[in-house]
Number of protein chains: 2
Amino acid sequence: MTSVDEQARHGGRIRDAARTQAEILDVATQEFARAGYDGARVDEIAARTRTTKRMIYYYFGGKEQLFTAVLERAYGVIREAEQQLDVEHLDPVAAIRRLAEVTFDHHEAHPDFIRLVSIENIHGAEHIAASEKLGKIGSPALDVIRRILAAGQESGLFTADVDAVDLHAMISSFCFFRVANRHTFGALFGRDLVDPAQREHYRTMLGDMVIAYLTAERAAD
Amino acid sequence: MTSVDEQARHGGRIRDAARTQAEILDVATQEFARAGYDGARVDEIAARTRTTKRMIYYYFGGKEQLFTAVLERAYGVIREAEQQLDVEHLDPVAAIRRLAEVTFDHHEAHPDFIRLVSIENIHGAEHIAASEKLGKIGSPALDVIRRILAAGQESGLFTADVDAVDLHAMISSFCFFRVANRHTFGALFGRDLVDPAQREHYRTMLGDMVIAYLTAERAAD
DNA sequence: TGACTAACGTACTAGTTCGTACATTAGCTG
DNA sequence: CAGCTAATGTACGAACTAGTACGTTAGTCA
């Protein structure tokens with residue numbers, strides 16, 4: 001009997017632990033991002049999977065751990081993207097601008113991730129705290145920023161008093177707000193921050209802002 | 001019989017519709033901010049009030065409308081703060097910096113409001129859309145920004161191509177992120193963005209950033 | 001002062017939702 | 001190929017939760 005026949009015999013499904021887990025994570029990511037932690041329904045996640053609720057508890061233990069697993073995978077994706085960052089060959093100004101653009105693009109491309117982070121903040125980052133993986137991730141982007149900043153400061157292009165974590169916060173703020181607060185901002189000010197027609201405008205604005213901050217003359221502290 | 005005796009007779013409580021509604025709104029604000037919309041419990045809100053759940057439905061109609069009422073009041077507070085903004089007598093640079101500082105201070109002073117806005121964004125701003133009040137609020141801050149920008153651009157201090165709504169978004173991004181993402185940022189990067197010892201640092205950083213952006217030379221579009 | 005209504009309280013229900021006990025089977029391994 | 005275990009499915013329950021039916025009382029006004 002062929003493998004295809006096997007599948008047919010069991011309704012098209014074969015046992016595949018990794019695949020089942022991945023599918024649960026996919027659907028769970030969508031559901032948590034859609035409705036928040038408490039708004040998400042375990043039954044709904046199960047229903048949209050080719051498996052059953054039983055499997056969620058079998059593999060993840062419970063709703064809390066499932067959400068933690070979703071977060072771990074989501075953060076893993078951005079970490080990978082950051083690791084592929086290759087800006088060392090650029091001059092400091094171009095490198096920072098490129099970094100800002102990559103951050104901008106990643107936020108725009110992953111609104112579900114942004115929502116998950118918002119949700120996790122509502123819950124005081126307790127799942128990150130409970131995760132062994134997420135605690136000691138470290139950020140590849142941060143290392144990149146440190147190197148660019150050092151180069152820029154040494155060459156005198158950048159003002160000397162800027163910290164890498166602060167700069168990361170500054171860039172993230174803009175990218176995050178634009179996606180996360182899209183709805184309230186749109187409702188209150190009548191402007192869609194994620195309007196494709198405005199994409200280049202805001203992308204440039206972010207770069208201009210960061211570079212202006214880094215190259216501006218400031219009163220010494 | 002004195003008023004005090006009256007109160008004593010009924011367990012210290014007098015009938016006062018306005019007061020009951022205000023108390024429900026106070027507690028509901030805390031509860032929604034604490035746990036999110038779906039995480040919030042109507043029973044919990046009622047329990048922490050001097051009245052009962054029955055009154056929540058009597059005055060507000062339901063959980064959804066209660067949350068909308070909470071949002072309406074929260075936005076009212078920030079609108080009032082913005083209306084008291086008095087920076088017209090300052091030069092454009094000082095005026096923008098003052099505006100940024102006021103925004104910064106307000107975000108820091110009202111973390112519950114920030115959480116409510118995050119929550120409302122998770123739900124696609126549907127309560128704002130459903131609210132008659134919130135639709136046509138308009139932002140006093142936006143008018144102020146428009147005037148300062150016009151003055152700054154006319155005097156040649158500021159670059160000409162900056163829009164008021166965009167600048168508002170820029171300032172809000174930083175202030176919002178610092179409070180809203182405090183927990184995940186702290187857990188991942190080991191830095192508390194709301195640490196009082198760092199307050200002046202970030203407050204200055206925001207002003208520097210905005211002024212640098214507004215006064216920088218840029219390639220024409 | 002009597003009666004009318006807004007304001008309030010109690011007790012309950014219908015529906016939901018996380019989680020689990022129990023039963024079954026696919027597929028590997030010796 | 002026998003048997004063992006990881007993987008899976010079904011059916012159910014206990015607890016929670018938004019919302020309500022019904023009853024009571026305070027305060028005002030004719």
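Below, chain A is the first sequence line, B the second, and so on; all start at residue 1.
One finds no salt bridge joining A:E82 and A:R79 here, because no Lys/Arg side-chain nitrogen approaches an Asp/Glu carboxylate oxygen to under 4.0 Å.
For the pair B:Y57 OH and C:dT10 C1', the computed distance is 16 Å after rounding to whole Å. Rounded to whole angstrom, the span from the CD atom of A:Q21 across to the C1' atom of D:dT8 amounts to 13 Å. To the nearest angstrom, C1' of C:dC18 lies 17 Å from CZ of A:F67. When rounded to the nearest whole Å, the span between CD of B:E64 and P of D:dA18 equals 11 Å. Summarising the geometry, the separation between CZ on B:F60 and C1' on D:dA18 is reported as 17 Å, rounded to the nearest angstrom. When rounded to the nearest whole Å, the span between CG of B:D38 and P of D:dC16 equals 18 Å. Rounding to whole angstrom units, CG of residue A:D43 and C1' of D:dA11 are separated by 13 Å. Atom pair A:R19:CZ and C:dG27:P shows a separation of 13 Å (rounding to whole Å applied).
Side-chain nitrogen and oxygen atoms of A:T51 include at least one within less than 4.0 Å of the OP1 or OP2 phosphate oxygen of D:dG9. For B:T52, no side-chain nitrogen or oxygen approaches OP1 or OP2 of C:dC8 to under 4.0 Å. Within the 4.0 Å cut-off from OP1 or OP2 of D:dT8, at least one side-chain nitrogen or oxygen of A:T20 is found.
Considering only side-chain atoms of B:K53, the nucleotide from C:dT17, D:dA7, D:dA18 that sits closest is D:dA18. The side chain of A:R54 has D:dT8 as its nearest neighbour among C:dT10, C:dA7, D:dT8. With D:dT10, D:dA18, C:dC18 as the candidates, the nucleotide lying closest to the side chain of A:K63 is C:dC18. Considering only the side chain of A:Y58, D:dA7 comes nearest among D:dA18, C:dT10, D:dA7. Considering only the side chain of A:R41, C:dT17 comes nearest among C:dG9, C:dT17, D:dA26.
Checking A:H201 against B:D161 by side-chain atom types alone, no donor-acceptor pair falls below 3.5 Å. Using modelled atom types, one finds a donor on one side chain and an acceptor on the other under 3.5 Å when comparing A:D166 with B:Y202. Neither side chain, A:H168 nor A:D163, offers a donor N or O lying under 3.5 Å from an acceptor on the other.
Taking every heavy atom of residues 121-134 of chain A and every atom of DNA chain C, no pair lies under 4.0 Å. Applying a 4.0 Å cut-off to non-hydrogen atoms, none of the residues of residues 22-30 of chain B approaches DNA chain C.
Of the listed residues (A:R48, A:R73, A:R50, A:R19), just one forms a salt bridge (Lys or Arg N to Asp or Glu O under 4.0 Å) with A:D26, and that residue is A:R73.
At the heavy-atom level, B:A18 lies nowhere under 4.0 Å from the strands shown.
Between B:Y37 and B:H127, the distance separating the two ring centers is shorter than 6.0 angstrom.
Nucleotides of DNA chain D nearest to A:A17 and B:V42 differ in position, and the one nearer the 5' end is that of A:A17.
Pairs of residues two or more places apart, or lying in two chains, that qualify as salt bridge (charged side-chain N to carboxylate O under 4.0 Å, His left out) and include a residue from residues 107-118 of chain A are A:E108-A:R178, A:E108-A:R199.
B:E120 places no side-chain N or O within donor-acceptor distance of the main-chain N or O of B:L71, the cut-off being under 3.5 Å.
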